[in-house]
Amino acid sequence: MQLYQTQELRVHNSLSGKKEPFVPLKDGYVGMYVCGPTVYSNVHLGNCRTFMSFDMVFRYFKHLGYKVRYVRNITDAGHLENDADEGEDKIAKKAKLEQIEPMEVVQRYTVDFHNTLQKFNLLPPSIEPTATGHIIEQIEIIKEIIEKGYAYEINGSVYFDVVKFNESNDYGKLSGRKLEDMIANTRELTAQDEKKNPQDFALWKKAEPQHIMRWPSPWGDGFPGWHLECTAMSTKYLGETFDIHGGGMDLKFPHHECEIAQAEASTGKSPVRYWLHANMLTLNGKKMSKSTGNNIYPAEMISGDNDILSKPYSPAVVRFFMMQAHYTSILDLSDDALQASEKGYNRLMEAMDSLGGLKTGGTSNFDVNNWRQKCYDAMNDDFNTPVLISHLFDAVKRINLIKEGQQSITEDDKALLKSTMEAFVYDILGIENQSALNDDSNTLDGVMELLIQLRNEARANKDFATSDKIRDDLNALGIQIKDGKDGTTYSLN
RNA sequence: GGCAUCGUGGCCGAGUGGCUAGGCACAGCUCUGCAAAAGCUUGUACAGCGGUUCGAAUCCGCUCGAUGCCUCCA
């Protein structure tokens, strides 16, 4: 018996705009595709939020007992900088700027991407395919689309015929747009545009002689278009129809809309059953943007080397902060909000640390089973991590009460509470306990035990000058002394 | 300009047609030698203006504002 058989998960499907019961294509298996980064610069924090949201989704599916194949691509072929004919792809542009090979750019920023995600404790996906590794597959799809009559070749480039497609299909169903409206609002056609219609998009672009990234094709040397790689790779590894497709809100149009069109044109089937979109991260209430300086890189945040925040924040605190908001809501990052989260995070982790040492008794004042199901209910409701966290804090309160001897818990309930807390905090939310990670020295424990003992002796002798000196000086070092009912403990700040 | 999403107490952030989300901050109390930690108690929030309803912050309309997309972008 797997958990998914008893827990009824509902997800917000962008295609219908509603929460729907999640039923996978194949019982017990989930296929999930998430649009990965274009590796032409360092990942920024907004990217991280999106990938973190889907990491949490991935983790929850796994926790429920599904076998999950999670595919997240690396876009290393570059995309056009602009829509003009002489458009240059981003990666080639960066390569020229830095006087290095395009693949050097790709390598450098792929490494940065992986390092950063690892800091935030993201699990690696099951498959991480690259666009350049799937040129052949992309060419095959283009052939298929041409054959079906939804694409045309001109001057060595191939374009998707959106108007034609819209006659038999619904282009715009994901983003809630109508082709007629789009046509009505279009800016003037540039004179040299090869496209029949401004809404058409490139499947294959002819490479000009100076273009470095190029591959042979039936239409001459060129490179694949904007949206094709995701269709090629998702189809290859997950099938023509699969369960979940995720990505940032900003990809909804045109990227995801075009993916649907490409897949429906080539296979005649709707590619995705549930579209999930993660919302944006703003900084101090405004869009993150490199050009205005309203931007912060993960590394700068962790090191504290930035002009925006008052202090460094650990990746675990940042993750906790992000999990306190629902993935479909815009989240605003600010120093105040992070400070509040940091304190909440510390309180949660201290409860986690004291869980194991809790004294048990003959009765429980805490209905652990009922509480546990509330946690699942929160997650089952479209991965509602903020509500889950509110329940986790209910447990924190209980843990502290039991610790203070004001309430009691049975051995069985304690075991269930502990395993449930660990599952939700560590496995599902992916929040690491950094106090536990750093606490690798038995020496420190020994020294602290000695100091606590000396302080207590001083207090017993009413030598408060000495006891306060120990307490205050330790505090200055970032070590907090805590006097509880059952003796004194300490924690590192 | 068009489309979409959203506007919640000092800050962040859930949620629902009538029943306390939660975190942080603040105040009072308990505990303490004094503190800290922990616990308890208190906050008459739901952008504005109308409307529907026995009842709306939750539904509808309008206004204002924010964010995203409309050209690559998580």
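Owing to the predicted nature of the structure, the values given are computational and were not obtained by experimental measurement. Just so we're on the same page: letters track the sequence lines, and every chain starts at 1.
- Base pairing in RNA chain B gives the following stems of 3 or more Watson-Crick or G-U pairs, range against range and under 3.5 Å: B:1-7 with B:64-70, B:10-12 with B:22-24, B:27-30 with B:38-41, B:47-51 with B:59-63.
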Table of protein N/O atoms under 3.5 Å from nucleotides 25-30 of chain B N/O atoms:
unit_1, atom_1, unit_2, atom_2, d
B:rA25, OP1, A:K343, NZ, 3.3

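- Comparing the P positions of B:rC6 and B:rC59 gives an interatomic distance of 10 Å, to the nearest angstrom.
- Electrostatic pairing of A:D55 and A:R319 counts as a salt bridge here, judged by a charged N lying under 4.0 Å from a carboxylate O.
- Among the heavy atoms of the strands lying under 4.0 Å from A:L281 is at least one base atom, whether or not backbone atoms are also near.
- Considering only the side chain of A:D250, B:rC69 comes nearest among B:rG13, B:rC69, B:rG22.
- Using the six-membered ring where Trp is involved, A:H227 and A:H255 have ring planes that are tilted, between 30° and 60° apart.
- A:H277 pairs with exactly one of A:H245, A:H12, A:H256 by the ring-ring contact (aromatic ring centres under 6.0 Å, His included) rule, that one being A:H256.
- Taking atom CG of residue A:N475 and atom P of nucleotide B:rA35, one finds them 15 Å apart after rounding to whole Å.
- Between A:Y60 and A:F383, the ring planes are perpendicular. Angles over 60° get that label, and only those under 30° would be called parallel.
- A search for salt bridge (charged side-chain N to carboxylate O under 4.0 Å, His left out) contacts involving A:E128 returns A:R72, not counting sequence neighbours.
- Heavy atoms of A:L392 sit nowhere under 4.0 angstrom from any nucleic acid atom.
- For A:E449, the CD atom is loosely surrounded, since the number of other residues' heavy atoms within 6.0 Å does not exceed 12.
- In the displayed structure, A:E8 atom CD is contacted under 6.0 Å by at most 12 heavy atoms of other residues, nucleotides or ligands.
- Residues of residues 45-58 of chain A that place a heavy atom closer than 4.0 Å to RNA chain B, in numerical order, are A:G46, A:N47, A:T50.
- Within residues 314-326 of chain A, the residues approaching RNA chain B are A:Q324, A:A325, A:H326, by heavy-atom distance under 4.0 Å.
- The salt bridge (charged side-chain N to carboxylate O under 4.0 Å, His left out) check on A:D243 picks up A:R273, with sequence neighbours excluded.
- Taking 4.0 Å as the cut-off between side-chain N and carboxylate O, A:D381 and A:R10 do not count as a salt-bridged pair.
- Here A:D413 does not pair with A:R372 in a salt bridge; the nearest charged N to carboxylate O distance is not below 4.0 Å.
- Summarising the local packing, NZ of A:K173 is surrounded by more than 12 heavy atoms from other residues, nucleotides or ligands at distances under 6.0 Å.
- Using a 4.0 Å cut-off between charged side-chain N and carboxylate O, A:R471 and A:D468 make a salt bridge.
- Using the six-membered ring where Trp is involved, A:F58 and A:Y70 have ring planes that are tilted, between 30° and 60° apart.
- Candidate nucleotides B:rA35, B:rG22, B:rG33 were compared by shortest atom distance to the side chain of A:D483, and B:rA35 ranks first.
- An OP1 or OP2 oxygen of B:rA14 is reached within less than 4.0 angstrom by a side-chain nitrogen or oxygen of A:S329.
- Between B:rA57 and B:rG18, the two C1' atoms lie 12 Å apart (nearest whole Å).
- Spacing of C1' atoms, B:rU41 relative to B:rU20, comes out at 13 Å, to the nearest Å.
- Salt bridge absent: A:E257 and A:R177 never bring a charged side-chain N and a carboxylate O closer than 4.0 Å.
- A:D336 is linked by a side-chain contact (heavy atoms from CB on, under 4.5 Å) to A:S334, counting only residues two or more places apart in sequence or in another chain.
- For the P atom pair drawn from B:rG48 and B:rG65, the interatomic distance equals 15 Å after rounding to whole Å.
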Protein N or O to nucleotides 8-10 of chain B N or O, pairs below 3.5 Å:
none

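- Separating the CE atom of A:M280 from the P atom of B:rG7 is a distance of 17 Å, rounded to the nearest angstrom.
- In the set B:rC73, B:rG33, B:rA37, the nucleotide with an atom closest to the side chain of A:D468 is B:rG33.
- Rounded to a whole Å, the CZ atom of A:F253 is 17 Å from the P atom of B:rA74.
- Comparing B:rA25 with B:rC64, their C1' atoms are spaced 30 Å from each other, to the whole Å.
- Not counting sequence neighbours, the partners of A:E342 by the salt bridge (charged side-chain N to carboxylate O under 4.0 Å, His left out) test are A:K311.
- A:S334 comes within contact range of no nucleotide atom at all, as no heavy-atom separation falls under 4.0 Å.
- With hydrogens and angles ignored, a donor-acceptor pair under 3.5 angstrom links the side chain of A:R471 to the base of B:rA35.
- Between the P atom of B:rG68 and the OH atom of A:Y327 lies a distance of 20 Å, rounded to the nearest Å.
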What's touching nucleotides 39-42 of chain B from the protein side, N or O pairs under 3.5 Å?
unit_1, atom_1, unit_2, atom_2, d
B:rG39, OP1, A:R347, NH1, 3.4
B:rG39, OP1, A:N400, ND2, 3.3
B:rG39, OP2, A:R347, NH1, 3.3
B:rC40, OP2, A:K397, NZ, 3.4

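- Judged by distance alone, with hydrogens and angles left aside, A:N384 brings no side-chain donor or acceptor close enough to the base of B:rG13 to form a pair under 3.5 Å.
- A search for side-chain contact (heavy atoms from CB on, under 4.5 Å) contacts involving A:T385 returns A:M56, A:M323, A:M379, A:L429, not counting sequence neighbours.
- Residue A:H44 is in base contact, counting any heavy-atom pair closer than 4.0 Å across all strands shown.
- In this structure, A:G285 reaches the sugar-phosphate backbone alone: every heavy-atom distance under 4.0 Å involves primed, P, OP1 or OP2 atoms, never a base.
- The interatomic distance linking A:F393 (CZ) with B:rC12 (C1') rounds to 13 Å, in whole Å.
- Considering only side-chain atoms of A:T282, the nucleotide from B:rA36, B:rG13, B:rU67 that sits closest is B:rU67.
- One P atom belongs to B:rC24, the other to B:rU58, and the distance between them is 29 Å to the nearest Å.
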What does the list of N/O pairs under 3.5 Å between the protein and nucleotides 58-62 of chain B look like, with a distance for each?
none

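- Using the six-membered ring where Trp is involved, A:Y376 and A:F424 have ring planes that are perpendicular, over 60° apart on the 30 and 60° scheme.
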